[in-house]
Structures are given as C-alpha cells and as structure tokens.
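Okay, so here's the structure we're looking at.
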Amino acid sequence: MSETAPQPKPVPSRAISRPIFERTFKINSEQAIRVIRNSYHRLMVSLYAIDVILRIIGREETVDEIESLVSQMIAECAEQLQQEKLRLEKLKADNGITETPTYTHPREFVAKIASPQIAQFVELIRLLDQLMIAMDTLWLCQVISNKHCIAARLEWQQRLQRLANKIVTMERHAHQAAYEQGHGDEVRLAREESGLLVEPEDMGALNQK
C-alpha cells in the first residue's frame with residue numbers, strides 16, 4: 001500500500017510591521033459614538049488601503065494628491081465644527097451658563113493612529129463630541145429648542161459620516177483601477193500582508209459595473 005505524499009504546508013503571508021499610536025479617549029455624546037460605530041473602522045481601513053494600493057501600481061503622485069485632498073476635506077470640516085462650537089460657547093457665556101452635563105452612557109474610544117489622516121479624523125470626532133456637549137448644555141438650559149437641537153445633532157453627525165463615505169469611495173475606486181490595470185494579485189497579497197480585508201465589501205458590485 002503506497003503512502004500518500006505529505007502535502008506542503010502553505011507559507012503564511014508576512015504581516016507588515018507598521019508604526020502606530022494607540023490613544024484612548026472618553027466620548028460622551030451619542031452622535032460622536034454613532035460616527036465611531038458606523039464610519040470609523042471602515043474609514044481607517046480605507047485610508048490605509050489607499051496608500052497600499054496606489055503605491056503598488058506605481059502612482060506615487062496620485063497618492064500625494066489623494067492624501068492632500070483628504071487632509072483638505074477633513075480640515076474644512078474641522079473649521080466648520082470649530083466655528084459652530086465657538087458660536088455656541090459664546091451663547092453659553094452670554095446666558096451665564098457655566099455648568100456642563102454628564103452623560104449616562106459614555107464610551108471609551110481606543111484610536112489606532114496609523115497615518116496622519118487617521119489622526120486628523122480622530123480629532124474631528126473629538127471636536128464633534130465637544131460641539132454636541134455645548135449644544136446639549138444649551139438645550140438643557142432652555143436656550144435652544146428641542147426641535148432645533150434634534151435637527152442640528154443629526155446634521156453634524158451626518159456631515160462627518162458623509163465625509164467618511166467620500167473617502168471610502170475613493171479607496172474603492174482605487175482598488176477597482178488596480179484590478180483593471182492587471183494588478184489584482186498584487187493588491188490581494190498586499191491587503192493580506194497589511195491586515196486589511198482581501199476585498200472591499202462591495203467589490204463584487206463594482207466589478208459588475
């Protein structure tokens with residue numbers, strides 16, 4: 001009886017050792033918590049994947065352009081948040097409000113900073129949280145109406161989520177372009193080594209277009 005030849009063991013892909021900061025923050029408002037829950041993880045993956053994919057296909061200038069565009073979009077959103085926060089803080093001061101509410105279910109947010117753009121977006125989430133605290137304070141003190149507060153909370157939450165979605169879409173287009181240029185195997189290997197999903201969630205839908 002012949003023995004079955006042993007099968008070679010698959011060679012495990014080599015994980016890339018990349019620099020990262022781990023920072024822990026307390027997030028109070030429900031709106032900032034929702035942005036983290038609904039958008040943060042997918043955005044972090046996309047920001048890293050953009051760099052991985054585009055450098056594989058040798059488009060360094062495109063990486064620089066996208067990084068610059070992402071930083072600009074985040075900075076513009078941060079400026080808008082900061083201006084609104086300053087307006088609400090002045091409204092608090094004009095009404096003699098000095099107290100700050102506590103929150104019933106704050107969350108501990110562990111941010112893994114693997115790129116400057118990720119750090120920018122994390123600060124955007126923290127700024128949103130600060131803005132919501134100021135807004136909630138004015139609402140509890142009856143300076144702004146319940147109707148206005150509900151609408152404003154949703155508007156700012158969705159503004160950050162729309163920004164995150166734009167960046168995710170940029171990554172998906174980059175991934176598709178790499179496939180169309182014949183770099184599919186290289187992209188898959190790089191994503192595996194980088195700890196990313198081998199395929200974006202909607203890659204099948206993109207390939208059907």
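Quantities reported herein were computed from a predicted structural model and do not represent experimental measurements. Heavy atoms only: backbone and side chains are in, while hydrogens, waters and symmetry mates are out.
Here I36 contributes atom CD1 and I27 contributes atom CD1; the two are 4.5 Å apart, rounded to the nearest 0.5 Å. The distance from the NZ atom of K92 to the SG atom of C141 is 8.5 Å, given to the nearest 0.5 Å. Taken from CG in L47 to CD1 in I167, the straight-line distance is 5.5 Å, to the nearest 0.5 Å. The distance from the CG atom of L81 to the CD atom of E76 is 12.5 Å, given to the nearest 0.5 Å. Taken from CD1 in I125 to CD1 in I33, the straight-line distance is 11.0 Å, to the nearest 0.5 Å. The line from OG1 of T137 to CE of M135 is 10.5 Å long, rounded to the nearest 0.5 Å.
Looking only at side-chain heavy atoms (C-beta outward), V110 and F25 stay at 4.5 Å or farther from each other. At least one side-chain heavy atom of L86 sits under 4.5 Å from a side-chain heavy atom of Q82.
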Without placing hydrogens or testing angles, list every side-chain donor-acceptor pair under 3.5 Å for residues 142-152, not counting sequence neighbours.
{"residue": "S145", "atom": "OG", "partner": "H148", "partner atom": "N", "Å": "3.1"}
{"residue": "N146", "atom": "OD1", "partner": "W139", "partner atom": "NE1", "Å": "3.2"}

Return all side-chain donor-acceptor pairs below 3.5 angstrom for residues 155-165, not counting sequence neighbours, or 'none' if the list is empty.
{"residue": "E155", "atom": "OE2", "partner": "R159", "partner atom": "NH2", "Å": "2.6"}
{"residue": "R159", "atom": "NH1", "partner": "Q80", "partner atom": "OE1", "Å": "3.1"}
{"residue": "N165", "atom": "ND2", "partner": "Q161", "partner atom": "O", "Å": "3.3"}

Review point. Is there a side chain to side chain contact (heavy atoms under 4.5 Å, CB included) between I20 and E22 once you walk through the steps?
Key: CA-CA 7 Å; I20 191 169; E22 238 182 56; 5.6 Å; no

**Study point:** Residues I66, E171; criterion side chain to side chain contact (heavy atoms under 4.5 Å, CB included); working and verdict
**Key:** CA-CA 10 Å; I66 290 183; E171 182 253 324; over 6 Å; no

Practice item. Please assess L131 against Q31 for the test side chain to side chain contact (heavy atoms under 4.5 Å, CB included), listing each intermediate value before the final yes or no. Key: CA-CA 10 Å; L131 175 60; Q31 290 69 39; over 6 Å; no

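The residues D136 and R153 are annotated as salt-bridged, a charged nitrogen and a carboxylate oxygen being separated by less than 4.0 angstrom.
L154 and I133 are members of different hydrophobic clusters when ILVMFWY side chains are connected at heavy-atom separations under 4.5 Å.
For residues 103-136, every residue pair satisfying the ring-ring contact (aromatic ring centres under 6.0 Å, His included) rule, not counting sequence neighbours, is listed here: Y40-F109.
Partner of L128 under the side chain to side chain contact (heavy atoms under 4.5 Å, CB included) criterion, out of R126, M132, Q130: M132 alone.
The nearest pair of heavy atoms linking A78 to L127 is O-CD2, 3.4 Å.
Between the side chain of D129 and the backbone N or O of A32, no donor-acceptor pair lies under 3.5 Å.
One side chain, S71 or Q117, offers a donor N or O that lies under 3.5 Å from an acceptor on the other.
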